[in-house]
Amino acid sequence: MNNMVWCNRAIFLLISLFLANNALVVLDALHNVPNHIKNQPYRTGYHFQAPKNWMNDPNGPMVYKGIYHLFYQWNPNGALMEVNDTVWGHATSTDLINWITHSPAIKPSRPSDINGCWSGSVTILPNGKPVLLYTGNDRYNRQVQNLAIPKNLTDPYLRHWTKSPENPLVTPGDANHINSTAFRDPTTAWLGRDGRWRITTGSQDGRRGLAILHTSRDFVRWKQSMKPLHYHDGTGMWECPDFFPVARTDSRGVDTTAFNGKMVKHVLKVSLTDTFHDYYTIGTYDQVRDVYVPDNGFVQDETAPRYDYGKFYASKTFYDSVYQRRILWGWVNESSTDKDIVNMGWARLQAIPRKVWLDESGKSLVQWPVKEIESLRTTQVKWGNKVLKGGGSVMEVHGVTASQADVEVFFKVSGLDLEKADVIEPGWTDPQLICSQKNASLVKSGLGPFGLMVLVSKNLEEYTSVYLRIFKARENSKEHVVVMCSDQSRSSLEKGNDKTPYGAFVDVSPYQTISLRTLIDNSIVESFGGKGKACITSRVYPKLATGKRTHLFAFNKGSQSVDVLSLSAWSMKSTR
Ligand code: DQQ
């Protein structure tokens, strides 16, 4: 056979291999969303959802060879949770927006995870190889920590994972005082200056919440540290801890192992089973004592720093080395009944991935939807310099698909009007309660409510309002309090759903413009106040305001006028 023939054969072989590889991916993608689910009104267009059935926590997000991976807690057998059946669902993407779903990466199969493969994280080792640590619910229903590695590192989709023969690597019995049913969700590991890896795992000792610390030289043999990384009394169980550095001076993300002395602060996030919310603190990681010290202690009241003041739980970040940013994933619960969920055949979704960084004040985090989402924007409607008159004005935003849209508004209130703002009641320390006053979005006060009405039906029988109210902190004071609400009390004519209004304080000066961005996607409303200083996510299920029958408005129910310096609204394409 001459060289030419060999050469052609080799090319043919290469192409076949390439096609086979990609055909597999396409086949994986084809068994995605069943038709009866695809066309449902509450199925979202551009948020990540499992093809069917129940999904909860995001697990082990990472970028490997330019491909983003998202694993997630998934029940392959039904739309309600069955913790003992939980597998790691798996999807990949090149842009964090369009996803291909693969077969589950890990499933219960060994004594160390036979009752469920629960949450965990991925660490990219210095040689570039990813390793995965996850909690197994073992044959005795004890929570233990296991390891898995990719079977084939040349497959950029990393579709197959091998469990370590050494599993379980860490058991609650290895160390004293670990409650075997409260020992889960290992974090991404970080490498200390002593050459030892560290992970922290969520736990509970009575009402004390704990982030237990383990160290290892080889990632296989782990030793419990004498002291936890951090703990706090009275909180109950800490699920899904996340521990990572943030740059002090700019919005760039930093790798989990970056310490850089004075250049970084550290963030510890825990998910509390008691309240079903994700709380974070910002502080200092003392590498010598191997403990984390939050700047302001651990606050757990209604003003405690949270990623999101609506539905958002068990979140996890990862460092995106491609764009040097830290990205946050969080799952969003349903507000409907189990009966409705079973009828839908799927439950829950992931919020849009958000870039997260330290605010310049150093006191809070800022979050913003990843820029890739802007590639879904199509038709744009733009307003400039409109006035929403006091006394009740409502203006429709025509020209966009109001059921699937991205809207950003910049409001401005005159300095004179700010002087006239109502003084906040001394007892109003809980923003959620402020937003929950009966018909809060209709109550007239000095400044606000003003904002957006989304997923609105033709005759306003149904709507969700996302709005702001401005109060003076005290009489004769130039200090103001800005409250952001997401009120779904009128979101649906349906009676059985949870319609609790949510609220958050937004740390912005109303003397400047105040921005509000809302991502509307059929049954989810994700809002960002003050350029991402406060976020609220809601789930709503309108009966009338679905698909093409949906409207969008800007409104002001306050007695003073508010300027809309600009409003941009885009129709959003569905993802592939
Ligand atoms: N979900 C997982 C646990 C985790 C909890 C089980 C948080 O690992 O603690 O699905 O939602």
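Just follow the structure's listing: the first ligand is 1, and inside any ligand the first atom is 1.
- The residue among T273, D57, N137 with a heavy atom at the shortest distance from atom 5 (C) of ligand 1 is D57.
- Heavy atoms of V83 found under 4.0 angstrom from ligand 1: none, in either backbone or side chain.
- Of all atoms in ligand 1, numbered sequentially from 1 with element shown, those under 4.0 Å from a heavy atom of Q73 are 2 (C), 6 (C), 10 (O).
- Within the 4.0 Å heavy-atom cutoff, D185 counts among the residues contacting ligand 1.
- A centroid separation of less than 6.0 Å is found between the aromatic rings of F219 and W222.
- At under 3.5 Å, not a single nitrogen or oxygen of W118, backbone or side chain, sits near a nitrogen or oxygen of ligand 1.
- Of the polar atoms of W331, none of the N or O atoms is found under 3.5 Å from an N or O of ligand 1, judged by distance alone.
- The six-membered or imidazole ring of H266 lies near that of F243, with a centre-to-centre distance under 6.0 Å.
- For ligand 1, one of its N or O atoms has an N or O atom of S119 under 3.5 Å away.
- Remark: K163 is not positioned above the aromatic ring of W161, lacking an NZ or CZ atom under 6.0 angstrom from the ring centre and at most 45 degrees off the axis.
- Within the cation-pi definition used here (under 6.0 Å to the ring centroid, within 45° of the axis), R217 does not qualify as a partner of W197.
- For M81, the heavy-atom gap to ligand 1 drops under 4.0 angstrom.
- For Y541 and Y42, the gap between ring centers is short of 6.0 Å.
- In this structure, F298 has its ring center at least 6.0 angstrom away from the ring center of Y231.
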